[in-house]
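Values in this document were obtained by computation on a predicted structure and should not be read as measured data. Chain letters run A, B, ... following the sequence lines, proteins first and then strands; every chain starts at 1.
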2 protein chains.
Amino acid sequence: MIYSQHPASREILKHVCSRWGVLILIALLHGKHRFSELRNKMGGVSEKMLAQSLRSLTEDGFVLRVAYPVVPPFVEYSLTPLGEEVAKRVAALADWIETNLPQVLEARQSAEHAAKPSDQKSGPPPVSSG
Amino acid sequence: MIYSQHPASREILKHVCSRWGVLILIALLHGKHRFSELRNKMGGVSEKMLAQSLRSLTEDGFVLRVAYPVVPPFVEYSLTPLGEEVAKRVAALADWIETNLPQVLEARQSAEHAAKPSDQKSGPPPVSSG
DNA sequence: GTAAGTACGTACAAATAGGTAAGTATGAAA
DNA sequence: TTTCATACTTACCTATTTGTACGTACTTAC
């Protein structure tokens with residue numbers, strides 16, 4: 001069907017499939033989180049990347065940002081209805097990968113000593129003459 | 001639950017969510033393709049990236065590569081059973097994004113003149129004292 | 001005055017993804 | 001001999017992404 005379609009589609013896919021985008025969506029599937037909670041929960045995010053990913057997802061309408069006028073700052077992030085939909089699909093993909101990780105690892109093992117792209121399979125050629 | 005788990009999970013997710021990985025998987029959901037067919041179908045892929053993405057997916061056990069010993073070369077790519085599973089989930093995500101593209105675009109419009117991260121919402125603070 | 005705590009922004013550097021153009025191997029066709 | 005076609009590989013370069021480190025605003029605690 002669609003092999004590229006709207007360039008915006010790729011952009012959105014990038015946001016939700018990005019290194020931290022996936023983690024944010026999955027985390028928010030479990031309920032609202034504040035900035036620091038997300039930062040602590042997801043090991044290894046820099047504040048810069050967390051803020052940036054959060055902003056993309058918010059602009060795409062997937063995440064709702066609510067800031068309270070207190071000090072020190074208190075900001076809550078949650079999924080919008082639209083965001084829940086994508087998050088579920090992203091989570092489904094991520095979960096599948098995790099579940100089937102052993103099979104992929106096994107496939108990689110086999111690939112190590114298997115036929116390389118330069119090798120060729122013996123068998124009948126699909127075309128005899130042009 | 002899992003916010004990073006195995007580093008290999010992220011790697012696999014990268015492969016299937018990469019710019020060309022998605023397109024390859026979706027294309028192969030419609031049946032086997034040879035290298036040049038994929039290149040022509042997906043506008044804008046460089047041969048380098050196509051080969052590289054194909055190799056990653058093949059190593060992960062998602063794509064089956066069959067090369068016939070003819071000249072000029074004839075190589076067919078198809079999905080393995082494992083590959084069909086991921087492909088379906090990736091396609092589900094991609095399709096959803098495409099379908100809901102108008103809503104995302106609308107959300108972005110609203111975001112343009114909406115509250116910026118520095119703005120704050122008026123309302124009761126969730127905490128009064130530590 | 002200084003430090004702490006929170007949610008960011010920003011400048012700079014490093015890493016990675018991606019593109020371009022060319023080369024390789026092979027045998028048939030011209 | 002040169003050309004063509006296919007499925008790649010390689011070298012080189014650019015663009016995008018991500019990380020590091022520091023700065024900011026504001027108020028309470030010391």
> Paired with D/dC30 by Watson-Crick or G-U wobble geometry, both distances under 3.5 Å: which nucleotide is it?
Replying inline: C/dG1
>> Any non-hydrogen side-chain atom of A/Ile12 less than 4.5 Å from a side-chain atom of A/Val86?
In response: no
> A/Glu37 has an atom CD; how far is it from atom P of C/dT6, in whole Å?
Replying inline: 10 Å
>> Check the phosphate of D/dT16 against B/Arg19, side-chain N and O only, distance under 4.0 Å to OP1 or OP2. Yes or no?
In response: no
> Once you round it to whole Å, what is the distance between P of C/dT16 and CG of B/Leu13?
Replying inline: 17 Å
>> Rounding to an integer number of Å, can you tell me how far B/Leu50 CG sits from D/dA7 P?
In response: 10 Å
> Should the ring pair A/Phe62 and B/Trp96 be called parallel, tilted or perpendicular, given that the plane angle runs from 0 to 90° and is split at 30 and 60?
Replying inline: tilted
> Is any side-chain nitrogen or oxygen of B/Ser18 closer than 4.0 Å to OP1 or OP2 of C/dA17?
Replying inline: no
> Can you tell me if the side-chain N/O atoms of A/Lys14 get under 4.0 Å from OP1 or OP2 in D/dT16?
Replying inline: no
> Atom CD of B/Glu76 to atom P of D/dC8: distance rounded to whole Å?
Replying inline: 12 Å
> To the side chain of B/Val75, which of C/dT6, C/dT26, D/dA7 is closest?
Replying inline: D/dA7
> Touch check for B/Gly44, heavy atoms < 4.0 angstrom, all strands: base, sugar-phosphate only, or nothing?
Replying inline: sugar-phosphate
> Of the nucleotides C/dG19, D/dT20, C/dT26, which has the atom closest to the B/Lys48 side chain?
Replying inline: C/dG19
>> In this structure, how many angstroms lie between the C1' atom of C/dA14 and the CE atom of A/Met49, rounded?
In response: 14 Å
>> With a 4.0 Å limit, can you tell me whether A/Tyr77 has a side-chain N or O closer than that to the phosphate oxygens OP1/OP2 of C/dC8?
In response: yes
> Tell me: CD of A/Glu47 to C1' of D/dT20, nearest whole Å?
Replying inline: 12 Å
>> Measure CZ/B/Arg10 against C1'/D/dT17 and give the value in whole Å, please.
In response: 15 Å
> Does the pair B/Glu85 and B/Arg89 meet the rule for a salt bridge (Lys or Arg N to Asp or Glu O under 4.0 Å), with working shown?
Replying inline: CA-CA 7 Å; B/Glu85 293 295 311; B/Arg89 281 159 180 87; 3.2 Å; yes
>> The side chain of A/Pro73 is closest to which nucleotide in this list: C/dC8, D/dA7, C/dT6?
In response: C/dT6
> So which nucleotide from C/dG18, D/dG19, D/dT27 ends up closest to the side chain of B/Trp20?
Replying inline: C/dG18
> What nucleic acid atoms does A/Arg34 come within less than 4.0 Å of, heavy atoms only: base, sugar-phosphate, or nothing?
Replying inline: sugar-phosphate
> Just one of A/Leu29, A/Leu25, A/Asp95, A/Leu23 clears the side-chain contact (heavy atoms from CB on, under 4.5 Å) bar with A/Val90, so which one?
Replying inline: A/Leu25
> Does some side-chain heavy atom of A/Leu54 sit less than 4.5 Å from a side-chain heavy atom of A/Phe35?
Replying inline: yes
>> Under 4.0 Å, heavy atoms only, any strand: does B/Ser36 hit a base, just the sugar-phosphate, or nothing?
In response: sugar-phosphate
> B/Arg55 CZ to D/dA7 C1': how many Å, rounded?
Replying inline: 12 Å
>> Do B/Ser78 and B/Val63 have side chains that approach each other closer than 4.5 Å (heavy atoms only, starting at C-beta)?
In response: no
> Under 4.0 Å: is that the gap between some side-chain N or O of A/Arg65 and OP1 or OP2 of C/dA7?
Replying inline: no
